[in-house]
Asker: 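Below: one structure in structure tokens.
Chain letters run A, B, ... following the sequence lines, proteins first, then strands; residues in each count from 1.
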Protein chains: 2
Amino acid sequence: MAAVSRMGIFLGLDASALAEVLAAATLATAQAGEAYVCQGDPAHRFYLLVSGRVRLSQVTPEGQQVVMRFIAPGEEFGIVAILGRLPYPVTAEAVEPAVALAWSGEAFNRLILRHPQIGLNGMAMLAERVREFQDRLREAGTQRVERRVANGLLRLARQAGRSVAEGVLIDLPLSRQDLAEMTGTTLFTVSRTLAGWEERGIISSARKRVTLLQPHALVAVAEDLPEG
Amino acid sequence: MAAVSRMGIFLGLDASALAEVLAAATLATAQAGEAYVCQGDPAHRFYLLVSGRVRLSQVTPEGQQVVMRFIAPGEEFGIVAILGRLPYPVTAEAVEPAVALAWSGEAFNRLILRHPQIGLNGMAMLAERVREFQDRLREAGTQRVERRVANGLLRLARQAGRSVAEGVLIDLPLSRQDLAEMTGTTLFTVSRTLAGWEERGIISSARKRVTLLQPHALVAVAEDLPEG
DNA sequence: GGCTGTCTTTGCGCTGGCGCAAGTTCGGGC
DNA sequence: GCCCGAACTTGCGCCAGCGCAAAGACAGCC
């Protein structure tokens with residue numbers, strides 16, 4: 001309950017409203033690699049992640065995969081469920097053991113109507129999400145690969161970064177492929193780019209693991225500043 | 001009032017609620033080329049377009065412009081105003097004479113709390129917006145220029161298409177530059193691409209004006225099908 | 001009608017980054 | 001400890017699309 005009361009979407013609700021929200025929820029756990037929802041399935045449930053990490057990805061009609069974003073605890077996914085029985089546009093898959101709260105679309109609709117604050121918070125959350133996608137779309141259209149990858153890493157660090165002795169560890173199993181699919185390039189190019197940064201001491205990388213050693217240097221790359 | 005009651009965000013409100021919503025609104029008109037909101041200004045107003053067309057664009061720190069989308073009557077812009085005094089992330093400029101309803105962020109917050117249906121509708125609207133941006137981001141990451149331009153045109157046709165004798169006219173002053181900034185390419189490449197399609201009889205174009213003569217052929221390009 | 005500025009076209013050279021193939025390293029299961 | 005498959009690296013060839021320059025076409029204004 002304490003955890004739930006701190007989630008953005010339930011900010012400003014009193015204890016009884018929170019209790020009601022929780023009473024309507026079911027708990028859904030997933031192991032690493034297990035999917036919460038699959039692209040194309042009819043959307044009937046809406047989720048809020050409590051712990052773990054979830055990866056949202058889309059597969060193109062040609063079979064190519066694209067990683068839309070990673071979901072951190074406190075964030076929502078499957079919102080499309082509240083607007084009728086459209087199919088989910090993405091697949092949501094746990095990349096490490098995860099726990100989420102789930103509501104049926106109808107139940108969540110009723111909660112919003114009874115507690116308008118949830119609708120207000122939800123709009124704020126989605127507006128923020130729209131802003132993030134706008135930024136990424138702008139990047140995709142105007143920036144070269146190196147800058148996009150730098151921005152992608154910085155975004156992940158902000159979302160899932162953990163301070164460790166050497167710098168900021170991106171606390172996610174993150175393959176070169178994932179990074180390529182997030183930034184619209186190929187795993188080859190990502191590999192070469194990371195290798196270049198590693199040589200310059202900006203990052204340190206291993207299998208499915210990246211640590212930012214000099215975040216400010218990466219920011220310089222992302223902003224296309226002359227060598228710092 | 002009739003027009004307002006048909007807007008997605010006010011669906012399901014009764015007459016008295018609609019009257020209340022309208023009473024809180026002010027009318028804002030703009031001439032072609034005039035800006036409703038400017039990127040970077042503190043966001044204090046939220047708009048719903050009644051008539052005309054509005055272009056949302058962003059300027060990168062390097063001064064490069066990007067066109068995020070066009071707003072059609074019934075759609076919202078400036079939503080960021082309801083979440084505190086953040087700066088607007090985009091500039092909203094009328095491309096033809098426009099009329100919009102405007103609310104202050106606080107007033108709209110109060111309306112949502114009094115009429116939760118608005119919050120629900122607003123979430124639906126934003127969820128749809130997120131979906132659109134996800135699609136575009138996927139396209140940006142996986143498709144070649146020609147397909148992206150085809151998809152861009154089709155999206156515009158859906159949003160602002162008008163049936164005319166020869167086909168579907170995109171009813172917007174739309175320069176090559178605009179199209180390039182929407183699809184993440186250059187006006188040169190757009191010009192060449194359109195010229196190619198015109199030669200094949202798929203479209204017909206003039207200054208700031210494009211008409212789809214064979215929409216299905218454009219769909220074939222967008223989906224990368226073999227020649228139809 | 002002529003002028004001006006904006007929009008558009010077209011040619012040409014160049015390169016970032018893709019695509020593939022082959023090889024290497026690593027982690028986990030038995 | 002060994003094996004297997006997944007993840008990663010590296011070299012090489014190639015081309016889609018960018019960048020620029022210069023010229024052409026059109027709309028609106030005086």
Asker: Which residues satisfy the side chain to side chain contact (heavy atoms under 4.5 Å, CB included) test with A:Pro215, sequence neighbours excluded?
Answerer: A:Val168, A:Leu212
Asker: Salt bridge or not between B:Arg131 and B:Glu128? Use side-chain N to carboxylate O under 4.0 Å.
Answerer: yes
Asker: According to a strict under-4.0 Å criterion, is B:Ser191 in side-chain N/O contact with OP1 or OP2 of C:dT9?
Answerer: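 Result: yes.
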Asker: Quick one, give me the B/S/- string for nucleotides 19-30 of chain C, reading 5' to 3', where B means a protein heavy atom under 4.0 Å from the base and S means that only happens at the primed atoms, P, OP1 or OP2.
Answerer: BBB---BBS---
Asker: Expressed as a whole number of angstroms, how long is the span from B:Arg176:CZ to D:dC26:P?
Answerer: 12 Å
Asker: If I take atom CG in residue B:Leu174 and atom C1' in nucleotide C:dT8, what distance separates them, rounded to the nearest angstrom?
Answerer: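 Value for this atom pair: 13 Å.
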Asker: How many Å lie between CD on B:Gln177 and C1' on D:dC18, as a whole number?
Answerer: 14 Å
Asker: Taking only residues two or more places apart in sequence, or in another chain, which ones meet B:Ala124 in a side chain to side chain contact (heavy atoms under 4.5 Å, CB included)?
Answerer: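 Scan of B:Ala124 (side chain to side chain contact (heavy atoms under 4.5 Å, CB included), adjacent residues dropped) gives A:Leu83.
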Asker: Tell me, which pairs form a side-chain hydrogen bond (donor to acceptor under 3.5 Å, both in side chains) where one or both residues lie in residues 160-170 of chain A, sequence neighbours left out?
Answerer: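 Checked against side-chain hydrogen bond (donor to acceptor under 3.5 Å, both in side chains) - neighbours excluded - the pairs reaching residues 160-170 of chain A are A:Arg162-A:Asp171.
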Asker: For D:dG17 and B:Thr189 - does any side-chain N or O of the residue sit under 4.0 Å from the phosphate oxygens OP1/OP2?
Answerer: no
Asker: Can you check the B:Arg148 CZ to D:dA16 P distance for me, whole Å?
Answerer: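 Distance check: B:Arg148 CZ to D:dA16 P gives 14 Å.
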Asker: Under the side chain to side chain contact (heavy atoms under 4.5 Å, CB included) test against B:Glu181, which residue among B:Gln65, B:Gln58, B:Arg176 passes?
Answerer: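 Of the listed options, the one satisfying the test is B:Gln65.
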Asker: For A:Ser175 and D:dA7, is the shortest distance between a side-chain N/O and OP1 or OP2 below 4.0 Å?
Answerer: no
Asker: What is the distance, rounded to the nearest whole Å, between atom CG of B:Leu187 and atom C1' of C:dT6?
Answerer: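 For the pair B:Leu187 CG and C:dT6 C1', the rounded distance is 12 Å.
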Asker: Any salt bridge (charged side-chain N to carboxylate O under 4.0 Å, His left out) involving residues 86-102 of chain B? Give me the pairs, sequence neighbours left out, ordered by first then second residue.
Answerer: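 Counting only pairs at least two positions apart or across chains, the salt bridge (charged side-chain N to carboxylate O under 4.0 Å, His left out) contacts touching residues 86-102 of chain B are B:Arg55-B:Glu93.
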Asker: Rounded to the nearest angstrom, tell me the gap between atom CD in B:Glu181 and atom P in C:dT8.
Answerer: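 Those two atoms, CD and P, are 12 Å apart.
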Asker: Could you give the CD-to-P distance, from B:Glu198 to C:dT9, as a whole number of Å?
Answerer: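 The distance from CD of B:Glu198 to P of C:dT9 comes to 8 Å, rounded to the nearest Å.
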Asker: To the nearest angstrom, how far is B:Arg209 atom CZ from D:dC26 atom P?
Answerer: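 Answer to the nearest Å: 15 Å.
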Asker: Who pairs with A:Thr60 by side chain to side chain contact (heavy atoms under 4.5 Å, CB included), at least two apart in sequence or on another chain?
Answerer: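 A:Thr60: side chain to side chain contact (heavy atoms under 4.5 Å, CB included) contacts with A:Glu62, A:Gln64, A:Val66, B:Arg138, B:Thr142.
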